[in-house]
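Notes for the one structure printed next.
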Amino acid sequence: MRARESGELQGKLYEMLVTPAGNGWRAVRVAFIGAGKRASFDTDKLRRVAAAAALNARQRRVQRFAWAHRGDLPLGAAVQATTEGIVLSAFSGDRYKTADRGAPPFEDVLIVVPVGTEQPSRLEGAIERGRVLGESSNVARELSNEPSNVLTPAVFAERAKEICTAAGLGVDILGEREIADLGMGLLLGVARGSDEPPRVIVMRHSPPDAPRSPVLGLVGKGITFDTGGISIKPADGMERMKDDMAGGAAVVCAMRALAILRAPIHVIGVVPATENMPSGRAVKPGDVLTSASGKTVEVINTDAEGRLILGDALWYAQKLGATHLVDVATLTGAAVVALGKVTAAIFGQPDDWVQRVRETAMAAGDRCWPMPLYDEYAEQLKSDIADIMNTGGRPAGACTAAMFLKEFVGTTPWAHLDVAGVAWLDESKPWMAKGASGVAVRALAELAFTSDTWT
Ligand code: BES
Ligand code: MN
Ligand code: ZN
C-alpha cells in the first residue's frame with residue numbers, strides 16, 4: 001500500500017515489487033505484480049501475469065509459491081488461467097545443457113481464493129484443467145525445441161505415439177508404403193529430397209458415449225526441418241526451421257489434453273511429418289505432383305512445402321470422417337510481415353465456424369486475427385500445365401497459401417491458423433522463456449469442449 005502511494009509500485013503490466021512479508025503473513029516474502037489497466041484486464045492477461053510472477057519467483061529459486069487471487073473475473077476461468085500460467089512457467093528449455101541449468105519447478109503451489117465464492121469441486125476441476133492444458137503446452141514446447149537431428153519424422157511419430165497412448169488415444173503411424181498406397185503425392189514429393197522417411201501420425205479420440213457427428217479434425221504441419229529444399233533458404237536464421245513442426249506438436253499435444261480431460265466428442269488428429277531437404281532426388285521447381293485428392297500441383301518454389309503436405313493431410317482427415325477442420329501451421333513469412341510476432345492469422349469458411357474457433361482460441365490465450373479468402377486470390381495460383389501452382393507470388397502471401405489449402409477442404413467447415421509469427425519467441429518475455437511457445441495447444445483442446453454450439 002505504501003509502495004503504491006509513494007509511486008514505487010505503479011501497477012504497470014508485469015512490474016514487480018518483492019518485499020519481506022510483515023507480521024501476520026505465513027510467507028517469508030511477498031511479491032506484488034502489476035496487472036496493467038483495469039479496463040483491459042481479462043483472463044488472458046491474468047494467465048500472463050501469473051506466469052510472469054511464477055517465472056520471476058522460480059528464477060529466485062523459490063520452492064513454495066502461493067498466489068492470492070484478486071479481482072472480479074469469473075472465478076472458475078480465472079483459477080484455470082492462473083494455473084495454466086503457473087504451469088507454463090515451470091518449463092525449461094535446457095535439456096541439452098550440461099551446466100548452468102535453469103531453476104527447478106516449484107515443490108509446492110497454492111492458489112488462494114476468497115471463501116465461499118465458488119464450489120470447491122468446481123475450483124478443483126478448473127485447476128485440473130489448467131494443469132493438463134499447461135503441461136500439454138509444455139510438452140509441445142519440448143517437442144518444438146528439439147533439434148532436427150534428434151527429432152526426425154520417425155522419432156516425432158514415436159514420441160507422439162508414446163504421448164498419445166499414455167493419454168488413452170488410439171494412434172496409427174503411417175510409413176512410406178501406406179503413404180504411397182493412399183496416393184499422397186504432395187507429401188511424398190516434399191519427402192523425396194530427404195534421407196529420413198516421412199510419416200503420417202494419426203490419432204483418434206473416440207469416447208464411446210459421444211455422438212457420431214460432429215467429428216473434429218485437427219491437422220498440423222510437421223516439417224521437422226525446413227531448408228527450403230532446392231529453393232534453398234539463406235543461412236542466416238535457418239536454424240529456427242527446426243520448429244517448422246510446431247503446428248504438428250500443437251495437434252499431438254491438444255489431442256493429449258482433450259483425451260485426458262475427456263472431451264465429449266470424436267476427434268481425429270492428422271500430422272504429416274517430413275524434412276524438406278535439397279538433394280539429387282529432391283523435387284525441383286517446375287515439377288508436377290499429384291495429390292491424394294487427385295488435384296495436380298506445379299511446384300514453383302520448393303520452399304512452399306507446408307501447404308503441399310497439408311493438402312494431402314486435410315484430404316485424409318476428411319476421408320477419416322472429419323466434419324469440422326482446423327489446421328495449424330508455421331506456414332508463411334508473409335503472415336509474420338502482416339501481423340508480426342503478436343498474433344497468428346486465421347482464415348477459413350464459413351464465417352461462423354472461423355468466429356467460433358477464433359473466440360475459443362482468444363480465450364485460451366492463442367491470439368488470432370481474421371484474414372480474407374477472396375476468390376480473386378485463387379487467380380494467383382493458376383498454373384499453365386497443372387491444376388494449381390504452389391505459390392502465388394509476393395502479394396498477399398499468407399492469403400494465397402490459405403487459398404491453396406482451401407482447394408483441399410471443399411465445403412467442409414475449416415479454419416486455418418498461420419502461426420509462423422507466434423510459434424517461436426526470439427527473446428524471452430516476462431511471461432515466457434524464449435524458444436517454442438506451445439502455440440495453439442490450448443485453443444485446439446478447448447475447441448473440443450464447445451461442440452454443443454456448432455452448427
Ligand atoms: N516454414 C516456412 C514459413 C516460416 C517463415 C515460418 C518464417 C516461420 C518463420 C515456410 O515453409 C516457407 O518457407 N514459406 C515461404 C513460402 C514462399 C516460398 C511462397 C515463405 O513464407 O517465404
Ligand atoms: Mn518452406
Ligand atoms: Zn516450412
Side-chain angles (χ1 to χ4, degrees), residues 144-145 148 151 153 156 186-187 189-194 198 219-250 271-278 282-287 297-313 327-345 347 371 377-378 380-381 383 388-405 416-427 434-437 439-440:
S144 299
N145 275 350
S148 74
L151 201 85
F156 185 18
L186 303 185
L187 174 57
V190 174
R192 274 186 68 85
S194 173
V219 175
K221 175 176 173 181
I223 296 288
T224 58
F225 196 84
D226 182 10
T227 64
I230 296 297
S231 314
I232 197 161
K233 289 180 182 295
D236 204 27
M238 203 206 270
E239 70 283 355
R240 199 357 270 265
M241 285 300 126
K242 67 176 183 177
D243 91 320
D244 211 17
M245 36 56 72
V271 176
T274 178
E275 286 183 333
N276 185 25
M277 297 287 284
V283 66
K284 301 173 288 301
D287 288 1
V297 179
E298 182 187 4
V299 176
I300 298 298
N301 189 318
T302 64
D303 200 8
E305 84 297 341
R307 63 196 75 182
L308 294 175
I309 69 169
L310 290 171
D312 278 340
D327 78 75
V328 182
T330 45
L331 202 61
T332 65
V336 193
V337 172
L339 300 169
K341 296 175 184 226
V342 175
T343 176
F347 300 83
M371 301 268 277
Y377 292 127
Q380 289 173 242
L381 296 173
S383 164
I388 44 172
M389 305 194 296
N390 78 328
T391 60
R394 277 182 69 82
C399 302
T400 51
M403 218 54 198
F404 181 95
L405 300 181
H416 157 59
L417 293 167
D418 191 333
V419 296
V422 291
W424 188 265
L425 277 66
D426 295 312
E427 294 302 329
K434 61 171 125 177
S437 66
V439 68

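Just follow the structure's listing: the first ligand is 1, and inside any ligand the first atom is 1.
In terms of polar-atom proximity, defined here as any N/O pair under 3.5 Å, K233 does make such a contact with ligand 1. Polar contact check, T332 against ligand 1: no nitrogen or oxygen pair lies under 3.5 Å apart. Geometrically, ligand 1 and N301 share no nitrogen or oxygen pair separated by less than 3.5 Å.
For ligand 1, the atoms sitting less than 4.0 Å from at least one non-hydrogen atom of T330 are 1 (N), 2 (C), 3 (C), 6 (C), numbered in the order shown with element in parentheses. Close approach of ligand 1 to T391 (heavy-atom distance below 4.0 Å) involves ligand atoms 19 (C).
The proximity of L331 to ligand 1, defined as any non-hydrogen pair under 4.0 Å, is limited to the backbone. With a heavy-atom cut-off of 4.0 Å, D303 touches ligand 1 through backbone and side chain alike. Counting heavy atoms under 4.0 Å from ligand 1, residue R394 does not touch it at all.
For the pair V297 and F404, the minimum side-chain heavy-atom distance is below 4.5 Å. Counting only heavy atoms from C-beta outward, the side chains of D226 and T330 never approach each other to under 4.5 Å. The shortest distance between side-chain heavy atoms of T274 and I223 falls below 4.5 Å.
The nearest N, O or S atom of D303 is not closer to the Zn ion (ligand 3) than 2.8 Å. Because the distance cut-off is set at 2.8 Å, L331 fails to qualify as a neighbour of the Zn ion (ligand 3), as none of its N, O or S atoms comes that close. The Mn ion (ligand 2) lies at 2.8 Å or more from every N, O or S atom belonging to D244.
Restricting D244 to its N/O/S atoms, the shortest distance to the Zn ion (ligand 3) is reached by OD2. Taking the Mn ion (ligand 2) as reference, E305 places its N/O/S atom OE1 nearest. Within D226, the N, O or S atom at minimum distance from the Mn ion (ligand 2) carries the name OD2.
With D287 contributing its side chain and K284 its backbone, the two residues share a donor-acceptor pair below 3.5 Å. No donor-acceptor distance shorter than 3.5 angstrom exists from the side chain of K242 to the backbone of S148, with no hydrogens or angles considered.
The shortest heavy-atom distance from D244 to ligand 1 is under 4.0 Å. Ligand 1 is approached by R307 to a heavy-atom distance shorter than 4.0 Å.
Among the candidates I309, T302, N301, D303, the single residue satisfying the side chain to side chain contact (heavy atoms under 4.5 Å, CB included) test with E305 is D303.
Within the model, atoms CG of D244 and CH2 of W424 stand 11.5 Å from one another, a figure rounded to the nearest 0.5 Å.
Heavy-atom proximity to atom 22 (O) of ligand 1, evaluated over A304, G333, G421, is greatest for G333.
Side-chain contact check for S144 and D243: no donor-acceptor pair (N or O, by modelled atom type) lies under 3.5 Å.
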